[in-house]
Amino acid sequence: MIAKVIVDVPSQAVDRMFDYSVPDSLAKTLVVGCRVHVPFANRPVQGFVAELSDSTEVPKHKLKPVTEQLDLVPPLTEELLQLAEKIKTETLSLHVAVLKAMLPQAMRAKYKKILTVTAEINKLDPLLQPYFKTSEDVIEWDEWIKNASENEIKSAVSSLRKGLLSAEPVVTTKDAAKKRLVYSLKEESRQAMKEAESLQKKAPKQAAVLRFLSERPNDKAYTAQELSEYGSKAALDALVEKGWLAKQETVVKRDPYEGREFESSENLPLLEDQAVVLGEITAAMDEKEHRTFLLRGVTGSGKTEIYLQAIDRTLKEGKEAIVLVPEISLTPQMVNRFKARFGSRVAVMHSALSKGEKYDEWKKIRDGEVDVVVGARSAVFAPFTNLGIIIIDEEHEASYKQEEAPRYHARTVAVARAEHYNCPVVLGSATPSLESYARAQKGVYQLLTMENRVNDAVMPSVTLIDMREELRTGNRSMFSEDLLDKMEERRLKGEQTVLLLNRRGYSTFIMCRECGFVPECPHCDISLTYHRTNQALQCHYCGYRETVPVRCPDCDSDQIRFFGTGTQKVEEELKKQLDGIRIIRMDVDTTRTKGAHEKLLTKFGRGEADVLLGTQMIAKGLDYPNITLVGVLAADSMLHLPDFRASERTFQLLTQVAGRAGRHKKTGEVLIQTYSPEHYSITEVKQHDFLSFYQKEMQMRKMGGYPPYYYLTMLQVSHTDLHKTVQFTEKITDFLRQNLSDTTKVFGPVASPIPRIKDRYRYQVMIKYKIEPQLADVLHELMVSLQTDIARTDLQVIIDTNPHMMM
DNA sequence: AGCACGCCGACT
DNA sequence: GTCGGCGTGCTC
C-alpha cells in the first residue's frame, strides 16, 4: 500500500504529495486524514495522509516507509480534506498550511534537534560533561543554546565535527490530553481485607487507605490528592508495590466551565418578525437544500433567540451546529445563553482557553460528545460529520478574515461546508457587510429582515455633537457640555452610561511642542505609542521599546507633551469633571488576565459603576437593562485610515454601540461626538438607516472601483533592502500586466501605508478585476518563478486574494 | 525549510 | 593537501 502524504514543510517547492510505502504493521489501521511521521530529506517530519493507493510512479529505491501513525481516528475527515484543497486554490496557500489551520494548536508538530554522546563521556570536553551525566542524557539544542556560554557552544560545535556528539532532528507530536495518576483497589485485595488489618501496626497509613477504599465501590479510582487524608503518596506507592493497589494513568477532560452553574432556559416566545424569519430557515432545513440567509436585524431585535431555536431544531433532527461569533464578543454573556439552552452539548472554542483546553473541546466535537460548537473564526473547521446549520453572528466583523496564511474568510468556508451538507448558513448582523448585502440584493443570499426590537423597546435617539463647535465656544476638554450633563443626570437617576473611546488609528504619542518632533520606531516607519503602565514608548508593530525622553532629542527643549487619548486619560479627566463618579474601565490593560473581562462586566451589571468606559470591546453583545446613555468620543477617528472600508467600519461600530442603549423598558439616548458631523457614515447612524448608508457607500465603492463592484487581490512585497524591494515589486507588476487581461487593472508598485516594519521595506501591488479566470494560475506561476528568490534571499511575497487590511 | 553535495579560497 | 565557506538542487 502507498500513502500519499502532504509533508509539513512550508515551501512552495514541496507543496505537493509525496509517496510513502505503508509497512505491514500499519496497513490495517492507516486511513486517509491521519497524521504520520515520515522521513523527508534525511530528517523526520510530520505529514498528513491525503490519499491511499495501490500504485505509485515513484521508483522503488526512492520510496521510504511511513515511520509512525499518530492518529487511530483521523482528525481530518474526507470532507475537511476536500475543503482544504478548495481553500488552498482559492487563497493560494500552501496545502499543509491549510491542513494545520484545521487542527487545534496542540496537534501541530514541534521540531527540535537533539544532541547525544556517541563516544565515552570522559573523552568529551569537561565543559560539556555536566550535561551528559549518563549516556542517556541529551541536549535539546534550541533550548540549550539560549542559555549556553559562547565557549560551550563552540565546544559543542567542534565535538559534533569530531563525532563525539551527534545531532539528531526529532519531531514530537502529541495529543495534549491531560493525564493524571489514579489509585484503585485491586479486585483480589477486597477478598483479603482481613490480612490488610495486619498492616495496622507497622503501616497504619496504608491500612487506613485500604479501609477507606474497601468501603467504596471497587472500580472507583482516586488521585493521590483525594486520598491524602488517609495516606501520603509514599504510602500509596508502597501499597502498589505490595500489589494491593493498582496505579493507572487516566485522561482527564478539562472543562473550562467546570463548576459553573448554568440556569437552563427554554425557547422564548417569538415576535411576528422573528417567527417569519425562523420559518424561512426551518423551511430550508426541511428542503435539505443549501441556502445562505442574510439576517439583518436591528440591534436588540432578538437575533440570538433565532439562532437558538434554529439550532434546537437542528439538534432534534440529530444534526450538528456551528456558531461563529467574533473573538471579542465571545463574552460569558454570549456563552451562557448557549450553555443555558443546550447544556453540556455545547463546546466552546476561543482564544482565552489554553492550548490543552482547546484540544479537549475539539476532541469532544470529534468524538461526538457535543453537537454544538460556539467559537471564533477557526471553529468553522469543527470536525462534525453531520452538520445541520452554520450561523455567523455579526457577519460583518473583520475578525472572520484570517490575516496570516492561510488567509481564508470564515464566511466563504462556512458556505463551502454548508453546500457539502446541504444545510443552511445564517449570516446575522445589524449592519451587514457591503459584500453580503450586495449578494442578498442580487439574490445570491436570501435576505431576512427584522426591524423591531423585542421587549417593546424603541430605537434610541441619536444626537450628533459637533466638536468643532465646542471648541469655538471655548470647551477644550474631550467631553462636550451635553455629554457631561447627561452622564451626571443618569448617575442621579441610578442609570448607567456606556462610553466608547474609538481609538483605532488613533493612539497616544508624544510630541515636542517647540519643534514638532515625534519619536518614531527605528525599525518601522511609525510613531511610537506611549504606554503609561510601564512609562515607555513602544512600537505597535515590532515591540521595540524606549524610555520617555525628558528633553527633545532634536532641539533639546523640555516642552515634550502627550497627544492622543487613552482610556486611562479619559478616566482621569472624567473623574475630575464629575466628582465621585464610579467608572469601570475596559481595555487591553484591564482585561489581560483570565476572567477579568467577565468580572468587570458582572460588576457593571450589578450596578457597581455609573460608567463603563472602553474601546471596541464594549460595543458588542452588552445587554443590560439599566444602560440608557451611550456616549462616543471621537467618532471619526478611524474615518481617515487608508482603507476603503473606513466608512463602513465607522458606521458599523457606531450602530453597534448605539444599540447598547435602551434595549429594555427604559428608552435610550446616544450622544456621538465628532469632527465630521456631516459625513454619511455618521449621519446615517442618527437615522438608524442602514439602507441609506448602504446606497451611499455603494456609490463610493463604484466610483473608487472597490468591492463589491470589483474584486481585489493584493500582493505585499517586502525585503530588508529598499532597492531590492522596489525592483522585485516592479518585476512582479510587469509580469502581472503582461499576463492578465486588459480589463484588469494593476496598481503599483506603491509603498505600503506603513512603508517599513521590523526593518523590512514594504511595497504593494493591487489588482482590481471583474472577471479574471486566469488569476489563480497566473499568481501561482508568479510564485513558482519567485521561489528561488524567496528561498535564497530574504524576499517575501504575500498574496491576499481578499484583502481586508490595507496596511 | 533544511540538508547534502560540490566547487573555491585560506590555512595547518 | 584539507577544512569549511556558501551556491545549487532535491526531498517520496
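Order of the sequence lines sets the chain letters (A, B, ...), proteins ahead of strands, with each chain counted from 1. Nothing here was measured: the structure is a model prediction, and the numbers come from that model.
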Residues that Thr67(A) engages under side chain to side chain donor-acceptor pair (under 3.5 Å), provided they are two or more places apart: none

- prompt: NZ of Lys401(A): more than 12 outside heavy atoms within 6.0 angstrom?
  reply: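 Counting neighbours around NZ of Lys401(A), more than 12 heavy atoms of other residues, nucleotides or ligands fall under 6.0 Å, so yes.
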
query: With a distance cut-off below 6.0 Å to the six-membered ring centre and an angular limit of 45° from the axis, does Arg16(A) pair with Phe18(A) as a cation-pi contact?
result: yes

message: Reading DNA chain B in the 5' to 3' direction, which nucleotide is the first one with an atom under 4.0 Å from a heavy atom of chain A, and which is the last?
response: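 For DNA chain B, the relevant span reads dA1(B) to dA4(B).
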
- prompt: Checking ring pair (Phe, Tyr, Trp, His ring centres under 6.0 Å) against Tyr769(A), which of Tyr706(A), Tyr710(A), Tyr711(A) comes through?
  reply: Tyr711(A)

Would you classify [X] as touching base, sugar-phosphate or nothing, given that sugar-phosphate means primed atoms plus P, OP1 and OP2, and contacts are heavy atoms under 4.0 Å?
{"X": "Ala13(A)", "result": "base"}
{"X": "Phe40(A)", "result": "base"}
{"X": "Pro39(A)", "result": "sugar-phosphate"}

Each nucleotide N or O in nucleotides 6-9 of chain C that has a protein N or O under 3.5 Å away: list the pair and distance.
from	atom 1	to	atom 2	distance (Å)
dG9(C)	N7	Arg792(A)	NH2	2.4
dG9(C)	O6	Arg792(A)	NH1	3.4

- request: Would you sort out whether Asp8(A) and Tyr111(A) count as a side chain to side chain donor-acceptor pair (under 3.5 Å), showing the intermediate values?
  value: CA-CA 10 Å; Asp8(A) 181 18; Tyr111(A) 299 93; 2.8 Å; yes

query: Between atom NE2 of His719(A) and atom OG1 of Thr793(A), what is the distance when rounded to the nearest 0.5 Å?
result: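 His719(A) NE2 to Thr793(A) OG1: 4.0 Å, rounded to 0.5 Å.
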
- prompt: Does dC12(C) have OP1 or OP2 sitting under 4.0 Å from an N or O in the side chain of Lys4(A)?
  reply: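 The answer is no; no side-chain N or O of Lys4(A) sits under 4.0 Å from OP1 or OP2.
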
- prompt: Does a donor on one side chain sit under 3.5 Å from an acceptor on the other, for Gln105(A) and Tyr359(A)?
  reply: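 No, because no side-chain N or O of Gln105(A) sits under 3.5 Å from a partner of the opposite role on Tyr359(A).
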
field: Partner of Thr729(A) by side chain to side chain contact (heavy atoms under 4.5 Å, CB included), out of Thr733(A), Val726(A), Ile732(A)
entry: Thr733(A)

